[in-house]
Number of protein chains: 2
Amino acid sequence: MDSRSLLLLGMLKAQSRHGYQINEFIEHNLRDLIPMKKSTAYTILDRLGEAGLVSMVVDQEGNRPPRKVYSITEEGERQFRQLLKDNLEMLDLKHFEEDVGILLMDELPIAEAMAALREKLRRIELEVNKYEKVPHHEVRPGVDMAIDHHLSLLKAERDWVLRLMGNLRTKTQV
Amino acid sequence: MDSRSLLLLGMLKAQSRHGYQINEFIEHNLRDLIPMKKSTAYTILDRLGEAGLVSMVVDQEGNRPPRKVYSITEEGERQFRQLLKDNLEMLDLKHFEEDVGILLMDELPIAEAMAALREKLRRIELEVNKYEKVPHHEVRPGVDMAIDHHLSLLKAERDWVLRLMGNLRTKTQV
DNA sequence: GGGCGCATGTAATGAGTTACATGATTGA
DNA sequence: TCAATCATGTAACTCATTACATGCGCCC
């Protein structure tokens, strides 16, 4: 999962930051899109430093805890560009987990399967509502695009589940 | 990722099998849907055995390599049912990886971003073609459903990329 | 005689999460 | 003084993949 490295490089490309700052930014701006834990950021920053993709300077103001401020290096920018292109080309819809359930669905009484699908539908609606309420984001045009992407796939999923439920219903009635 | 356990339990619910047989079945029937490695199956079967969800009998014919034949237990069936319901309810579109690229897209010259998206589109088409060619599957009705699911999301992804490219194009021309 | 099919695994590796640990400042 | 915020990490754990290991039977 190099996308985490890509994200950090991208944030450092925009401006130098220390680890805490990065985690703050993610929590405040990307919390709905990026499920990355704080300790992970610290670990990856170390890794990027060892690889020479970022440089680090310690900055201490008064008695406050020292900050490690990271900046992207030239090599880091090159790598970033390549990683980003690779990522944009990438196709990696991994709904394998969900497919297993679909695959085995016929092992469940239809009534129970339908109940489960209704619950799933409810969850999809909740997600859709949540993302539709997220306000327009000015700093990063990408945020809006990513949310739009999210919504597109959520709606496709919703349509598919509805179609599936329709099929099951007619099958039962026949 | 409990979906692997779920899959194995489901296969054993349909009929008792030994490990090699399970791997064969997956390779022949589910190879396009399930990216599970053979050694993983053996490990999970052990784990399920320890948890009392499957029982095991060794079966040796002549001098051929001994087979460990697994059967699902009553507790296993209960667990299976619950896992399956949970799985069907689950909503877990994790396109986080792809979203990172979208999020950072504005760091790339538009021409390069467009080229990457064209490549992505090409890959989507390849996948769509591949899945549309998969013949109707009789044994497990679920296989057809899972493939249909796959195709739905692929097409949604394709539409979204096309829309995005359209937007980028008009933006550049203005 | 050599390779494929049958049949089972183990050990090392990787990538990330969880839980834990630390310690100063700031505000109620 | 008590909690929250700032700021950093380490260690253990989980889960799956990769690579490696073994050995017999069968067919050409």
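This structure is a prediction, so every number in the text was calculated from the model and none was measured. Lettering of chains follows the sequences in order, A, B, ..., and the numbering in each one begins at 1.
- Whole-Å rounding puts the B:Phe96 CZ to C:dA15 P distance at 14 Å.
- A salt bridge between B:Glu89 and A:Arg122 is absent, with no side-chain N of the basic residue lying under 4.0 Å from a carboxylate O of the acidic one.
- In this structure, B:Tyr42 reaches the C:dT8 phosphate: one of its side-chain N or O atoms is under 4.0 Å from OP1 or OP2.
- Distance A:Asn23 CG to D:dA7 C1': 10 Å, rounded to the nearest Å.
- One can place CE of B:Met36 at 12 Å from C1' of D:dT17, the figure rounded to the nearest angstrom.
- At least one side-chain nitrogen or oxygen of A:Arg4 sits closer than 4.0 Å to the OP1 or OP2 atom of C:dT17.
- When the side-chain nitrogen and oxygen atoms of A:Thr40 are compared with OP1 and OP2 of C:dG16, none of them lie within a distance under 4.0 Å.
- Contact annotation: B:Arg17 side-chain N/O to C:dA7 OP1/OP2 distance is not under 4.0 Å.
- Distances shown here put every side-chain N or O of A:Ser39 at or beyond 4.0 Å from the OP1 or OP2 atom of D:dG9.
- Summarising the geometry, the separation between CG on B:Asp2 and P on D:dA16 is reported as 8 Å, rounded to the nearest angstrom.
- Nucleotide D:dA7 holds its P atom 8 Å from the CD atom of A:Glu24, rounded to whole Å.
- Where B:Asp46 and B:His18 meet DNA chain C, the nucleotide closest to each residue was compared, and B:His18 sits on the side nearer the 5' end.
- For the pair B:Arg17 and B:Phe25, the cation sits on the ring face: its NZ or CZ lies under 6.0 Å from the ring centre, inside 45° of the axis.
- Classification of A:Arg47 and A:Glu50 as a salt-bridged pair fails, no side-chain N sitting under 4.0 Å from a carboxylate O.
- Between B:Tyr20 and C:dC6, a side-chain N or O to OP1/OP2 separation shorter than 4.0 Å is present.
- A salt bridge links B:Arg81 to A:Glu112: at least one charged side-chain nitrogen sits closer than 4.0 Å to a carboxylate oxygen.
- Summary of the strand contacts: A:Lys68 and B:Thr43 both lie near DNA chain D, and taking for each the nucleotide with the nearest heavy atom, the more 5' one is attributed to A:Lys68.
- Atom-to-atom, CD1 of B:Ile44 to P of C:dT8 comes out at 15 Å; the value is rounded to the nearest Å.
- Between A:Lys37 and C:dT18 there is a side-chain polar atom (N or O) within less than 4.0 angstrom of OP1 or OP2.
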*Intermediate values then yes/no, side chain to side chain contact (heavy atoms under 4.5 Å, CB included), B:Leu12 and B:Leu45*: CA-CA 10 Å; B:Leu12 293 177; B:Leu45 286 170; 4.0 Å; yes
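- To the nearest angstrom, P of C:dC6 lies 10 Å from CZ of B:Arg67.
- If you take CD of B:Gln21 and P of C:dA7, they are 8 Å apart, rounded to a whole angstrom.
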